[in-house]
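Everything below concerns the one structure shown next.
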Amino acid sequence: MFLPQDDVDRVMSVMEQAFPPEFGEAWNRRQVSDSLSLSGTHLGLIAPDGNPRPKEHDETAGFFLSRSVLDEEELLLFAIAPDHRRKGLGHTLLRRFIEEARARGIRRLFLEMRRSNPAGVLYAAHGFEAVGIRPRYYRTPAGERLDAISQELIIA
Ligand SMILES: CC(C)(COP(=O)(O)OP(=O)(O)OC[C@H]1O[C@@H](n2cnc3c(N)ncnc32)[C@H](O)[C@@H]1OP(=O)(O)O)[C@@H](O)C(=O)NCCC(=O)NCCS
């Protein structure tokens, strides 16, 4: 039986499959619901057909979670579920994130990603540029150290 899902369920349904476990990037349910209760947190969902709001019993294809302070906004999480990748949903959702932030009066967007994440190609396509590196910032369970790349997009 399908039960109506709230936003946290929708986010977790994608989170649980979207992030490679070895990098420890996925958040748990508590982190997501705590974050959603803070002012300045923004959540965007995307349905498999690209619509912003999945219908009540439909699965969720992806989401973004961001946090704004004054005129800056950080993209905290961005993911499309594996079954729905390479169909343009990442482009659609990122474009929406940028447009919604601009409509809120945001002037600078930023995010941090591990070096060589394929998401970097997507961010670059929308104008994000690398502005800093934290060398060997991420540590995998295997002991490998990976740089974090800070990226920004000025939208003012
Ligand atoms: C990154 C991610 C959101 C892309 O979602 P998507 O729906 O597949 O994205 P799109 O279909 O819109 O593709 C966008 C572009 O990104 C690039 N891209 C996406 N996945 C890629 C991959 N595995 N390898 C190389 N390039 C890739 C391509 O340039 C692609 O455009 P193209 O298909 O026209 O070549 C998705 O792979 C994901 O959720 N990854 C795991 C979570 C994650 O790492 N999030 C980012 C944290 S910083």
Side-chain angles (χ1 to χ4, degrees), residues 5 7-36 38 40-55 58-69 72-102 106 108-155:
Q5 299 178 82
D7 285 347
V8 179
D9 290 328
R10 289 191 174 279
V11 167
M12 292 315 292
S13 71
V14 176
M15 187 93 71
E16 280 154 9
Q17 8 163 8
F19 291 91
E22 63 269 31
F23 301 116
E25 293 164 323
W27 290 14
N28 63 33
R29 193 180 176 86
R30 178 72 187 269
Q31 289 171 301
V32 172
S33 61
D34 283 356
S35 163
L36 286 172
L38 297 174
T41 300
H42 310 285
L43 171 67
L45 301 173
I46 190 164
D49 63 4
N51 277 320
R53 185 78 213 178
K55 293 191 192 77
D58 279 358
E59 66 177 311
T60 303
F63 73 92
F64 72 76
L65 196 67
S66 64
R67 182 102 203 273
S68 59
V69 177
E72 299 195 334
E73 185 159 333
E74 179 174 10
L75 184 58
L76 299 167
L77 291 168
F78 186 87
I80 300 293
D83 283 354
H84 299 288
R85 288 182 190 164
R86 303 312 291 264
K87 296 174 188 160
L89 292 179
H91 278 299
T92 303
L93 188 60
L94 189 60
R95 197 175 304 117
R96 231 179 69 215
F97 163 66
I98 295 168
E99 283 166 5
E100 288 179 13
R102 185 179 281 120
I106 299 297
R108 175 178 174 260
L109 299 174
F110 62 103
L111 62 89
E112 213 153 73
M113 55 165 260
R114 88 188 111 77
R115 189 191 285 283
S116 75
N117 187 334
V121 181
L122 173 60
Y123 296 139
H126 290 262
F128 278 87
E129 290 181 355
V131 289
I133 296 175
R134 292 176 199 251
R136 298 162 60 79
Y137 182 74
Y138 295 102
R139 185 190 198 119
T140 69
E144 193 188 352
R145 305 299 293 254
L146 299 166
D147 297 345
I149 314 287
S150 307
Q151 305 219 21
E152 76 168 19
L153 174 62
I154 305 298
I155 57 172

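Order of appearance sets the numbers: ligands from 1, and atoms from 1 within every ligand. From a predicted model like this one, the values you see are computed outputs, not experimental measurements. Heavy atoms only: backbone and side chains are in, while hydrogens, waters and symmetry mates are out. Position 1 is the first residue of the sequence; numbering continues from there.
- At the top of the distance list for atom 8 (O) of ligand 1, counting protein heavy atoms only, stands R86 N, 2.8 Å.
- For the pair G90 and ligand 1, the shortest N or O to N or O distance falls below 3.5 Å.
- Pairing each heavy atom of F128 with each of Q151, the nearest pair is CB-OE1, 3.4 Å.
- Between the side chain of S66 and the backbone N or O of E73 there is no donor-acceptor pair closer than 3.5 Å.
- For L111 against M113, the heavy-atom pair with the smallest separation is CD1-CG, 4.0 Å.
- Of the charged side-chain nitrogens involved, none lies within less than 4.0 Å of a carboxylate oxygen, so that D58 and R10 do not count as a salt-bridged pair.
- Scanning all protein heavy atoms for the shortest distance to atom 1 (C) of ligand 1 gives A119 CB, 3.6 Å.
- Other residues, nucleotides and ligands place no more than 12 heavy atoms under 6.0 Å from the OH atom of Y137.
- When only non-hydrogen protein atoms are considered, atom 31 (O) of ligand 1 lies nearest to H91 NE2, 3.7 Å.
- For E25, no heavy-atom contact with ligand 1 is shorter than 4.0 Å.
- With hydrogens and angles disregarded, a donor-acceptor distance shorter than 3.5 Å links the side chain of N28 to the backbone of Q31.
- Atom numbering of ligand 1 starts at 1 in the shown order; those under 4.0 Å from a heavy atom of A79 are 39 (O).
- Counting only heavy atoms of the protein, atom 48 (S) of ligand 1 lies nearest to Y123 OH, 3.3 Å.
- Counting the atoms of ligand 1 from 1 in the order shown, those under 4.0 Å from a heavy atom of A18 are 41 (C), 42 (C).
- The heavy-atom pair separating R145 from R136 by the smallest distance is NH2-O, 3.1 Å.
- Annotation: G88 places an N or O atom under 3.5 Å from an N or O atom of ligand 1; distance criterion only.
- Taking atom 36 (C) of ligand 1 as the reference point, the nearest protein heavy-atom neighbour is R85 NE, 3.5 Å.
- Taking any N or O of F19, backbone or side chain, none lies under 3.5 Å from an N or O belonging to ligand 1.
- Between A18 and A79, the shortest heavy-atom distance links the atoms CB-CB, 3.7 Å.
- The protein heavy atom nearest to atom 29 (O) of ligand 1 is V121 CG1, 3.2 Å.
- The residue among F23, F64, F78 with a heavy atom at the shortest distance from atom 45 (N) of ligand 1 is F78.
- Every atom of ligand 1 is numbered from 1 in the order shown, and the set under 4.0 Å from a heavy atom of L89 is 7 (O), 12 (O).
- For ligand 1 and M113, the ligand atoms under 4.0 Å from any heavy atom of the residue are 48 (S).
- Between P82 and Q17, the shortest heavy-atom contact is CG-O, 3.4 Å.
- If you check which protein heavy atom lies closest to atom 4 (C) of ligand 1, you get L122 CD2, 4.1 Å.
- Those atoms of ligand 1 that come under 4.0 Å of a heavy atom in K87, given as number and element, are 11 (O).
- A 4.5 Å side-chain heavy-atom check between I155 and I106 finds at least one atom pair inside the cut-off.
- Checked for salt-bridge contact, R67 and E74 miss the test: no charged N lies under 4.0 Å from a carboxylate O.
- Across every non-hydrogen atom of S13 and T60, the tightest pair is OG-CB, 4.3 Å.
- In this structure, atom 5 (O) of ligand 1 lies nearest to the protein heavy atom I80 CG1, 3.5 Å.
- Between R114 and ligand 1, a contact under 3.5 Å exists for no N or O pair.
- With a 4.0 Å cut-off on non-hydrogen atoms, T92 does not touch ligand 1 at all.
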